[in-house]
*Asks:* 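Handing you this structure, nothing more for now.
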Amino acid sequence: MAITLIEVVSGTATAEPGLLDLVLRVRDGGEPFEIPFGYAPDDPYGLTPEVGAWLGAHPEFSPAPYEPPAVTKQQVYDERDRRLASGFSYDFGDVRGVHKFGTSDADMKGWDRVTKLKDALLAAGDTTTTIRIATKTGTADVTALEWNAILLYEAQNFEQPLWQASFLLESMAPIPADYADDSNWPS
């Protein structure tokens, strides 16, 4: 025996206009029972035509509005990490000009190697030997002191502001739906 619709018990709008998540009371020859039902008005199959007719005959039925899922801290962490991996520009203030520095995980492994060499040079008292680095712009030669200046600039002007914005967003209850908007993050 085919399932027949008795009534629409409840419903909620979805993120997709016109689509509804419904609870139907149906019968399959025996006692009535309830089932969840995804209603798409253009679907000509199954119970959809009956549900559409029922909704048309019951204009007083009003599904609950769509409530987007709450933003999680993990979504904020992911956005922060995406921004941390986006890189930054650094102006050497001389003929080397402005360079775009990569900050992806792979880039940061290279940063670690350069930082270890910089530390060894400074420990030896050497402030004049240059280290050739590769940026997204090209190559540049830097001294240990210049690399230190880049590290300080990156931490103060790129990394820490992103962490601070992340902490602020994480502390909000609820976290705003537009958490990933540029207005919530330093430029």
*Asks:* Tell me whether Lys73 at atom NZ has more than 12 heavy atoms from other residues, nucleotides or ligands lying less than 6.0 Å away.
*Replies:*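 Not buried by this count: 12 neighbours or fewer within 6.0 Å.
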*Asks:* If you apply the rule side-chain contact (heavy atoms from CB on, under 4.5 Å), what do you find for Lys136 with Asp107, and how did you get there?
*Replies:* CA-CA 10 Å; Lys136 300 298 181 191; Asp107 292 322; 3.4 Å; yes
*Asks:* Should Thr129 and Ile131 count as side-chain neighbours, where that means a heavy-atom distance under 4.5 Å?
*Replies:*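 With C-beta onward as the side chain, the pair stays apart.
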*Asks:* Going by the angle between their ring planes, with limits at 30° and 60°, are Tyr39 and Phe37 parallel, tilted or perpendicular?
*Replies:*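 Taking Phe37 first and then Tyr39, their aromatic rings sit tilted (interplane angle of 30° to 60°).
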*Asks:* Could you state whether Phe61 and Val23 fall into the same hydrophobic cluster, counting links through intermediate Ile, Leu, Val, Met, Phe, Trp or Tyr residues with side-chain heavy atoms under 4.5 angstrom apart?
*Replies:*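 No, because Phe61 and Val23 fall into different hydrophobic clusters, even though each may have its own neighbours under 4.5 Å.
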*Asks:* A side-chain contact here means heavy atoms from C-beta on lying under 4.5 Å apart; do Val9 and Leu24 qualify?
*Replies:* no
*Asks:* Salt bridge between Lys109 and Asp105, side-chain N to carboxylate O under 4.0 Å?
*Replies:* no
*Asks:* Any donor-acceptor pair under 3.5 Å linking the side chain of Asn148 with the backbone of Leu145?
*Replies:*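 Side chain of Asn148 to backbone of Leu145: no pair is present.
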*Asks:* Is the shortest heavy-atom distance from the side chain of Trp111 to the side chain of Glu154 under 4.5 Å?
*Replies:*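 Trp111 reaches Glu154 side chain to side chain.
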*Asks:* If you measure only the distance, is there a donor-acceptor pair under 3.5 Å linking the side chains of Thr115 and Asp112?
*Replies:* no
*Asks:* So which atom in Pro41 and which in Gly18 form the shortest heavy-atom distance, rounded to 0.1 Å?
*Replies:*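 Scanning both residues completely, I find the closest heavy atoms to be CD-O, 3.4 Å.
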*Asks:* Under the criterion side-chain contact (heavy atoms from CB on, under 4.5 Å), I'd like the reasoning laid out for Leu55 against Leu20: C-alpha separation, chi angles, the key distance, then a yes or no.
*Replies:* CA-CA 11 Å; Leu55 291 171; Leu20 302 172; 4.1 Å; yes
*Asks:* Checking Ser86 against Phe158 for the side-chain contact (heavy atoms from CB on, under 4.5 Å) test, could you report, in this order, the C-alpha distance in whole Å, the side-chain angles of both residues, the deciding distance, and whether it holds?
*Replies:* CA-CA 10 Å; Ser86 68; Phe158 176 68; 4.2 Å; yes
*Asks:* Looking at every heavy atom in both Pro176 and Val71, which two are closest together, and how far apart are they?
*Replies:*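 Where Pro176 meets Val71 most closely, the heavy atoms are O-CG2, 3.6 Å.
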*Asks:* Assess whether side-chain contact (heavy atoms from CB on, under 4.5 Å) is satisfied between Asn184 and Leu169, documenting all intermediate values.
*Replies:* CA-CA 8 Å; Asn184 292 310; Leu169 286 164; 4.2 Å; yes
*Asks:* Donor-acceptor pair, Thr135 side chain versus His99 backbone, under 3.5 Å?
*Replies:*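 Not at all, since once roles are kept as given, no pair shorter than 3.5 Å links the two residues.
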*Asks:* Looking at Ala85, is its backbone amide N or carbonyl O close enough to the side chain of Arg82 to form a donor-acceptor pair, meaning the two atoms are under 3.5 Å apart?
*Replies:*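 The answer is no, because no donor-acceptor pair under 3.5 Å joins these two groups.
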*Asks:* Do you know which of Ile35, Ile6, Val8 makes side chain to side chain contact (heavy atoms under 4.5 Å, CB included) with Arg25?
*Replies:* Ile6
*Asks:* Would a single hydrophobic cluster contain both Tyr179 and Met172, if residues Ile, Leu, Val, Met, Phe, Trp and Tyr are joined by side-chain heavy-atom contacts under 4.5 Å?
*Replies:*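 Linked within one cluster.
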*Asks:* Looking at the rings of Tyr90 and Phe92, which for Trp means the six-membered one, are their centres under 6.0 Å apart?
*Replies:*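 Yes, ring centres under 6.0 Å apart.
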*Asks:* Less than 4.5 Å apart, side chain to side chain, heavy atoms only: is that true for Val51 and Leu22?
*Replies:* yes
*Asks:* Write down the atom of Asp21, the atom of Gly38, and the distance for their closest heavy-atom approach.
*Replies:*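 Closest pair (atom of Asp21, atom of Gly38, distance): OD1-CA, 4.4 Å.
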*Asks:* Do Val76 and Phe167 sit in one hydrophobic cluster, given that two such residues count as connected whenever their side-chain heavy atoms are within less than 4.5 Å of each other, even indirectly?
*Replies:* yes
*Asks:* For Glu7 and Trp54, work out which heavy atoms get closest and say how close.
*Replies:*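 Taking Glu7 first and Trp54 second, the nearest heavy atoms are CA-NE1, 3.6 Å.
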*Asks:* In this structure, are over 12 heavy atoms from other groups packed under 6.0 Å from Glu60 atom CD?
*Replies:* yes
*Asks:* In the single-linkage hydrophobic clustering (I, L, V, M, F, W, Y; side-chain heavy atoms under 4.5 Å), do Leu19 and Leu5 co-cluster?
*Replies:*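 Shared cluster, no.
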*Asks:* Would you call the rings of Phe101 and Trp147 parallel, tilted or perpendicular, taking 30° and 60° as the class edges?
*Replies:* tilted
*Asks:* Counting N and O atoms only, with roles assigned by atom type, does the side chain of Arg96 sit under 3.5 Å from a partner on the main chain of Asp141, one being a donor and the other an acceptor?
*Replies:*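 Yes; at least one donor-acceptor contact below 3.5 Å.
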*Asks:* Identify the two heavy atoms, one from Ala13 and one from Pro63, that lie closest to each other, and give their separation to 0.1 Å.
*Replies:*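 Looking at all heavy atoms of both residues, the shortest contact is N-CB, 4.1 Å.
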*Asks:* Look up atom CG in Leu152 and atom CG in Asn157, then write down how far apart they are to the nearest 0.5 Å.
*Replies:* 9.5 Å
*Asks:* Any side-chain heavy-atom pair from Arg83 and Asp182 closer than 4.5 angstrom?
*Replies:*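 With C-beta onward as the side chain, the pair touches.
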*Asks:* Mind checking whether Trp185 and Glu79 have side chains closer than 4.5 Å, heavy atoms only?
*Replies:*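 Trp185 reaches Glu79 side chain to side chain.
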*Asks:* Side-chain heavy atoms nearer than 4.5 Å, only ILVMFWY residues, links allowed to pass through others: does that put Leu117 and Val142 together?
*Replies:* yes
*Asks:* Exactly one of Leu151, Ile150, Ile133 should register a side chain to side chain contact (heavy atoms under 4.5 Å, CB included) with Val114. Which one does?
*Replies:* Ile133
*Asks:* Identify the heavy atoms of Ser166 and Arg80 that sit nearest to each other, and give their distance.
*Replies:* OG-NH1, 3.2 Å
*Asks:* Any chance you could measure Thr130, atom OG1, to Arg132, atom CZ, to the nearest 0.5 Å?
*Replies:*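 The CZ atom of Arg132 is 7.5 Å from OG1 of Thr130, to the nearest 0.5 Å.
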*Asks:* Measuring from Ile3:CD1 to Glu50:CD, what's the distance to the nearest 0.5 Å?
*Replies:*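 Output value for this atom pair is 10.0 Å.
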